[in-house]
Amino acid sequence: MNPVALVLLGVCSVAASPGRACPQKCQCKTDPEYPDGQVVDCSQQGLTQVPSHIPPDTTTLLLACNQLGTLHNGSFSELQRLVKLNLAFNVIDAIEENAFVGLNSLMTLNLACNNLTLSPATYPPGIFRPLASLQVLYLNENNWAQRSQCWQLVSQSLTQSERFPSIQYAAPSLIRSHEKFGFLADVALDAERDHGSMLHRMFISSKNQEDSLASGRPLQFGASEHSSDSTSLGEAATNQDYPDEALSHLLNLRELHIDGLTNKTLGRGFRNLTRLTFLDLNGMTGSGCLMQTVSSQTLANAPHLQHVNLSHCDIVNLTADAFEVLKDLRVLDLSFNFALGFDRLGDALEGLAKTKLESLVIDSIVPLRTLGTQITEDRMRHFKKLKYLRELQARFNRIESFEEGALCNGTPPNLKYVYLNANLLELAPYVNDLRCLESLEVLYIDGYNNYWTPPLRPPGFSNPPAKYYKTAPGRYGAPAVRTDNDATLQENHSEFMLPPNLRVFRARHFGLFYKLLQIHVNPNNSLQRMIAGENHFPIWGGPVTGLENLTELDLSNSFASAIDPEFFNSFPSLEVLDISGNQLRAVFKRNDSYTILGGLRSLKELDMSRNDLGHIPDATFINLTNLERLSLATNGMGRFTLVLSHMKSLTHLNLSENQLHTLPKSVRDHLDAVAETRNVTVSMTYNPIGCTCQNIDFLTWIRDSKVFFGTHQFYYCRLADGSLMFMRNIDGTIDQLERSCGSYVGVFVGAVASSLLFLGLLVVALAYRVRWKLRYLYYATRLSFQRDKRHHDDGFEFDAFVSFAGEDMEFVDGELKEELEEGRGLKLCIHERDFVPGQYIASNIVDSVQRSRRTLVVLTRALLASDWCHYELQMALVEAAETGRDVLLFLLYEHVPSHELPREVLFNIQAASYIEFPHTESDRGLFWDRLANALRR
């Protein structure tokens with residue numbers, strides 16, 4: 001939705017429930033800002049006059065988007081509690097002098113986008129006298145030629161689903177610091193932006209300005225679309241003036257939105273507005289601001305201003321002292337004045353040096369058709385004098401480079417935030433001057449998607465080789481690059497010098513094409529966030545030095561297809577990593593893929609979506625114990641077997657747009673366990689979830705689990721016949737499956753059970769008849785096999801692998817090791833001592849079991865609670881089954897009643913050998929001899 005429409009309209013439609021004494025065609029509800037009052041919403045009802053019988057306790061009255069004409073005397077006389085009044089987007093062309101009588105409490109009045117010519121005749125001297133409490137006033141966009149544009153904005157805002165457009169007109173931190181500045185206070189800092197429509201408007205507007213300047217005609221912003229009205233508009237603008245006498249009664253006014261008039265000054269009445277700090281004259285819709293010249297007299301009668309918006313005002317001339325009178329000026333926006341240029345701006349900076357300017361926005365102050373701009377040291381000389389300046393935004397200005405020394409000698413001393421997006425910046429020697437920007441904390445130099453930029457070369461190249469020149473656009477809309485395979489960031493063998501306090505560096509769509517090999521950054525830097533996606537980095541090799549404090553790294557959509565296993569070890573503090581949109585299938589197919597991310601122990605957020613991963617090894621994320629958010633969307637995954645049980649903090653798992661039909665029970669159980677203490681979200685939208693009898697348990701889990709799965713209407717169901725349908729109602733899906741599956745399940749189960757029972761009885765009967773012969777054959781064969789094994793296989797490295805809990809380390813490392821190794825010559829495998837460093841723990845366990853003659857399980861309550869000890873027990877059982885030898889031997893170190901033992905452990909104790917630890921000293925000598933003999937067999 002267009003931002004102008006949103007702010008001017010305020011709220012064209014409020015979801016309201018009927019209340020008491022509500023006028024016809026209106027809706028009433030409790031005012032959320034003033035609970036003892038009401039919001040009366042009469043917007044978009046085709047009203048031609050203000051409704052009667054409006055409740056006297058109304059605090060907010062919305063009459064926007066109607067057909068109101070003249071506002072008559074006493075129209076609001078009974079609304080003495082009214083705080084906000086919105087009359088925007090009507091056809092109001094006259095206001096009688098006593099129309100606002102009774103509005104003693106009114107604080108916000110919106111008269112934007114009507115037919116109210118800006119002149120003293122339209123606003124007689126006493127018209128605003130009753131509004132003693134007014135703080136915010138909208139009088140802008142009231143030229144009759146603008147009405148079609150206003151309504152076009154409204155129609156767009158009411159039909160488009162998005163809340164804001166993708167273009168951000170004000171500097172991000174400026175918006176956060178000064179919520180009322182501009183129209184986009186709620187735009188997200190890092191929202192993906194599409195500049196196409198804005199660039200088109202900028203091109204047309206700048207072309208009109210260039211043509212007007214060349215021909216000597218007055219500048220007419222938007223004249224190309226309203227050429228038939230351009231003459232009348234110019235004449236109307238000439239006859240207009242600011243109604244300063246009427247406004248002079250608004251002693252509490254703090255914020256004023258009004259159209260900028262050609263070569264007019266704010267009248268003497270503005271001197272009474274000592275609380276006015278915010279002035280918005282911008283002409284974003286096309287013809288609301290036609291100032292042309294701003295001189296020392298233009299704003300002289302409003303010396304208390306702190307925020308001034310002069311964007312889209314067709315400013316051609318700025319005198320050196322234009323803003324000198326505004327001693328308290330904090331924020332100034334001169335954007336989209338295409339004919340202004342850096343030279344004229346430089347003159348005005350002389351006067352700005354005498355203000356307290358903190359934020360300066362100068363987006364697109366040069367025509368789009370001009371050649372690339374170099375910022376010289378001479379152009380920077382006045383910037384250095386802006387000692388209070390903290391934030392500078394200069395996007396869309398075709399800046400190619402800075403003269404060597406310009407940054408060091410012309411940068412304001414306290415500049416912290418710089419936004420140079422969508423320029424034509426190339427890598428040139430000025431990059432080395434960045435070290436001079438000692439106060440800089442945030443730097444944005446994003447390129448522009450599908451927007452031509454010059455060749456990018458590392459500093460030190462006198463002539464760029466052909467491989468750095470851009471060619472046709474590539475995938476994702478990013479520009480493709482003609483290159484060979486040898487371009488690296490180490491070609492000039494120098495160290496990148498970052499500003500010492502730079503925390504955030506962003507260079508998306510910058511057209512870089514390098515192998516990331518041997519990158520060295522000055523170690524005394526403070527960089528925490530680096531966003532470099534949408535470039536071309538096919539190989540990530542490293543090493544990278546100097547970025548040990550980096551906490552966020554974005555290398556998304558970089559065409560990467562190779563990663564060195566040690567690459568990410570260069571970023572030990574990394575908490576957020578985005579490597580989505582690359583080509584990493586082969587990288588993570590390797591068995592050692594867990595080593596690639598293994599060094600990121602602090603990682604909390606990982607995005608690996610859109611990498612065509614398919615099925616990757618289960619242990620890929622085994623070392624990411626602190627991970628909270630994981631995205632594997634759009635990877636063609638047909639089954640999910642990744643180990644997640646170690647991720648105790650996992651709260652967001654995105655598996656959308658894959659080919660998954662279910663999740664393993666182990667994953668479900670883990671997510672349920674985490675959901676007991678945290679809010680867990682899983683997305684499996686647009687996966688073919690199996691809606692079959694075999695998958696009812698998974699569907700039931702989706703429905704009943706505390707895990708949040710989003711809206712089920714975006715989940716697919718794959719039916720038994722292979723067809724797909726949306727899962728509109730999961731309860732209905734489950735009920736239907738239970739009914740259809742139950743019709744034959746009973747018969748099938750009964751038949752199978754009967755058959756198994758008959759076979760079981762037959763086998764038992766036969767076995768009973770020959771029971772003694774079977775027992776003899778079993779033990780004879782077993783003894784023969786054991787004798788043969790002892791004769792032929794004596795190649796074990798260890799006599800026993802000791803499985804124990806960490807809490808029993810003192811006993812194992814002390815008495816057990818002393819008695820068996822030192823006292824009786826056995827060789828034990830103890831994980832703290834004998835595991836191979838760097839090898840996956842599970843592999844170490846299997847290897848140790850196989851290299852040991854027996855597995856000695858030190859049974860305690862602590863061991864029963866250990867997952868790894870349970871795994872060791874299972875591996876020993878598998879080894880016994882595979883080799884046919886006796887592997888397990890239980891040492892009952894702590895008395896645990898049988899009713900406390902898990903059924904599986906109790907069964908193994910009864911089936912295998914065990915020995916109890918004597919807690920009296922007199923019995924221990926015999927005990928250790930018996931244990932040593934058992935381990936040698």
Side-chain angles (χ1 to χ4, degrees), residues 786 789-790 793-880 883 885-896 900-902 904-906 908-937:
Q786 290 177 345
K789 289 291 290 182
R790 284 195 293 271
D793 187 7
D794 57 352
F796 292 107
E797 183 177 346
F798 299 100
D799 292 296
F801 166 58
V802 185
S803 175
F804 65 95
E807 290 82 348
D808 304 319
M809 183 65 189
E810 183 178 354
F811 165 70
V812 173
D813 197 45
E815 186 175 358
L816 180 71
K817 186 173 71 172
E818 179 181 347
E819 292 290 343
L820 294 181
E821 286 195 339
E822 299 175 10
R824 289 163 179 80
L826 272 70
K827 187 175 182 182
L828 304 179
C829 179
I830 301 173
H831 68 80
E832 292 285 343
R833 180 186 65 187
D834 299 311
F835 273 14
V836 179
Q839 186 173 335
Y840 179 43
I841 295 176
S843 299
N844 262 314
I845 292 172
V846 174
D847 185 53
S848 298
V849 169
Q850 291 177 345
R851 292 159 59 198
S852 304
R853 180 177 294 106
R854 302 294 294 269
T855 294
L856 178 63
V857 180
V858 181
L859 184 66
T860 63
R861 285 184 173 85
L863 179 132
L864 297 175
S866 170
D867 290 337
W868 282 117
C869 291
H870 178 71
Y871 183 79
E872 292 169 350
L873 177 61
Q874 294 299 318
M875 293 302 100
L877 289 172
V878 172
E879 177 70 9
T883 62
R885 61 187 180 89
D886 289 332
V887 175
L888 280 171
L889 176 61
F890 286 88
L891 168 56
L892 307 185
Y893 181 67
E894 178 182 346
H895 176 69
V896 181
E900 294 184 18
L901 292 171
E904 182 181 10
V905 175
L906 181 60
N908 287 312
I909 292 176
Q910 294 171 346
S913 302
Y914 69 89
I915 184 170
E916 293 190 32
F917 181 78
H919 290 277
T920 58
E921 292 289 340
S922 58
D923 297 331
R924 291 190 183 175
L926 178 60
F927 163 78
W928 290 116
D929 290 337
R930 291 178 59 206
L931 179 58
N933 291 333
L935 293 176
R936 290 191 179 100
R937 294 178 183 173

Report summary line: Smallest heavy-atom separation, A805 atom then L863 atom, equals CB-N, 3.6 Å
Requested in this report: Kindly give the heavy-atom pair with the smallest separation between L864 and L859, and that separation in Å.
Outcome: CD2-CD1, 3.8 Å
Query raised in the report: Are any of the side-chain heavy atoms of L889 and L931 separated by less than 4.5 Å?
Result: yes
Query raised in the report: From S852 OG over to L935 CG, what is the distance, rounded to the nearest 0.5 angstrom?
Result: 10.5 Å
Query - From OG1 (T855) to CZ (F890), nearest 0.5 Å - result: 10.0 Å
Query raised in the report: Between CH2 of W868 and OG of S803, what distance do you get to the nearest 0.5 Å?
Result: 12.0 Å
**Report entry** Inter-residue atom distance T860.OG1 - H895.NE2, 0.5 Å rounding
**Finding:** 14.0 Å
Requested in this report: Provide the full list of salt bridge (Lys or Arg N to Asp or Glu O under 4.0 Å) pairs with a residue in residues 854-870, sequence neighbours left out, each pair given once.
Outcome: R861-E894, R861-E900
Requested in this report: With the side chain counted from C-beta on, respond yes when V812 and L828 share a heavy-atom pair under 4.5 Å apart, and no when they do not.
Outcome: no
Query raised in the report: Is there a side-chain contact (heavy atoms from CB on, under 4.5 Å) between D929 and R824 once you walk through the steps?
Result: CA-CA 8 Å; D929 290 337; R824 289 163 179 80; 2.8 Å; yes
Report summary line: Those residues at least two apart in sequence (or on a different chain) that pass salt bridge (Lys or Arg N to Asp or Glu O under 4.0 Å) with E832 are none
Query - Distance in Å, F917 CZ paired with E815 CD, rounded so as to fall on 0.5 Å steps - result: 4.5 Å
Query raised in the report: Do any pairs count as a salt bridge (Lys or Arg N to Asp or Glu O under 4.0 Å) and have a residue in residues 798-810, sequence neighbours left out, and if so which ones?
Result: D799-R853
Requested in this report: Verify salt bridge (Lys or Arg N to Asp or Glu O under 4.0 Å) between R924 and E819, making sure each step is shown before the conclusion.
Outcome: CA-CA 10 Å; R924 291 190 183 175; E819 292 290 343; over 6 Å; no
Report summary line: Between H831 and the options F801, F804, F798, the ring pair (Phe, Tyr, Trp, His ring centres under 6.0 Å) test singles out F804
Query raised in the report: Do the side chains of S848 and D834 get nearer than 4.5 Å, heavy atoms only?
Result: no
Query raised in the report: Could you give the distance from CE (M809) to CG (L816), rounded to the nearest 0.5 Å?
Result: 10.5 Å
Requested in this report: Answer whether the closest heavy-atom distance between the side chains of L873 and L888 falls below 4.5 Å.
Outcome: yes
Query raised in the report: Do N933 and R936 touch side chain to side chain, with heavy atoms closer than 4.5 Å?
Result: yes
